[in-house]
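Structure first, commentary second.
We number each residue from 1, following the sequence as shown.
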Amino acid sequence: MKMYIYCDFPSELVGNFKKKISLGNKEGGISAWSVDKDGDFTHESKQISNRIFLRATVREKTSQSAAALIFETRQYLDVTEVDKAFARKEIMGNILATFIDHFSDQFTSAAYYK
């Protein structure tokens with residue numbers, strides 16, 4: 001499952017997301033998300049934090065495709081199918097809500113694909 005965040009500068013957008021995460025609870029920060037050493041993103045809610053994470057990919061504009069920041073779900077092992085379905089729904093909703101709340105002036109549209 002993937003969420004495409006269409007924007008002109010996807011590298012800058014993912015960098016801005018990481019900066020806000022690093023601020024945590026400080027003004028302008030985002031404390032609901034974490035990023036690991038591999039650059040993968042986890043939502044900190046107890047319901048999904050150990051079930052799923054997002055891997056970000058930057059796609060620059062080409063003659064055949066628009067620039068986008070792409071988030072793809074990855075599940076942790078030993079998670080039931082019911083938990084996987086719930087976690088995918090929750091994390092995709094949370095990433096979209098976060099980008100609307102914090103970065104709405106930095107992207108034009110978003111799309112979700114199974």
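- Note: Asp38 CG to Arg55 CZ = 6.5 Å, rounded to the nearest 0.5 Å.
- No donor-acceptor distance shorter than 3.5 angstrom exists from the side chain of Lys2 to the backbone of Thr73, with no hydrogens or angles considered.
- Aromatic pair Phe99/Phe71: centroids less than 6.0 angstrom apart.
- Taking CD1 from Ile91 and CE from Met1, the interatomic distance works out to 12.0 Å, rounded to the nearest 0.5 Å.
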Is there a side chain to side chain contact (heavy atoms under 4.5 Å, CB included) between Ile95 and Tyr112? Walk through the geometry before answering. CA-CA 11 Å; Ile95 196 70; Tyr112 166 79; over 6 Å; no

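- If you check the side chains of Ser65 and Glu60, you find no donor sitting under 3.5 Å from an acceptor.
- Put simply, the residue from His43, Arg74, Gln75, Glu72 that forms a side-chain contact (heavy atoms from CB on, under 4.5 Å) with Phe53 is Arg74.
- Without hydrogens or angle criteria, Thr108 side chain to Tyr6 main chain gives a donor-acceptor distance under 3.5 Å.
- The CZ atom of Phe17 sits 9.5 Å away from atom CD1 of Ile5, with the distance rounded to the nearest 0.5 Å.
- Using modelled atom types, one finds no donor on one side chain facing an acceptor on the other under 3.5 Å when comparing Glu44 with Ser49.
- Annotation: Asn25, atom CG; neighbour count of heavy atoms from other residues, nucleotides and ligands within 6.0 Å does not exceed 12.
- Looking only at atom types and distance, the side chain of Thr98 has a donor-acceptor partner in the side chain of Trp33 under 3.5 Å away.
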How far apart are the C-alpha atoms of Arg88 and Glu90, what are their side-chain angles, what is the distance that settles it, and do they pass the salt bridge (charged side-chain N to carboxylate O under 4.0 Å, His left out) test? CA-CA 5 Å; Arg88 285 191 300 263; Glu90 287 295 309; over 6 Å; no

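- Checked against a 6.0 Å centroid threshold, the rings of Tyr4 and Tyr113 count as neighbours.
- Side-chain atoms of Arg51 never come within 3.5 Å of backbone atoms of Lys84 as a donor-acceptor pair (strictly under, hydrogens ignored).
- Interatomic distance, CG of Asn94 versus CG of Asp101, reported as 10.5 Å (0.5 Å rounding).
- Open room surrounds CZ on Phe9; 12 or fewer heavy atoms of other groups in view lie less than 6.0 Å from it.
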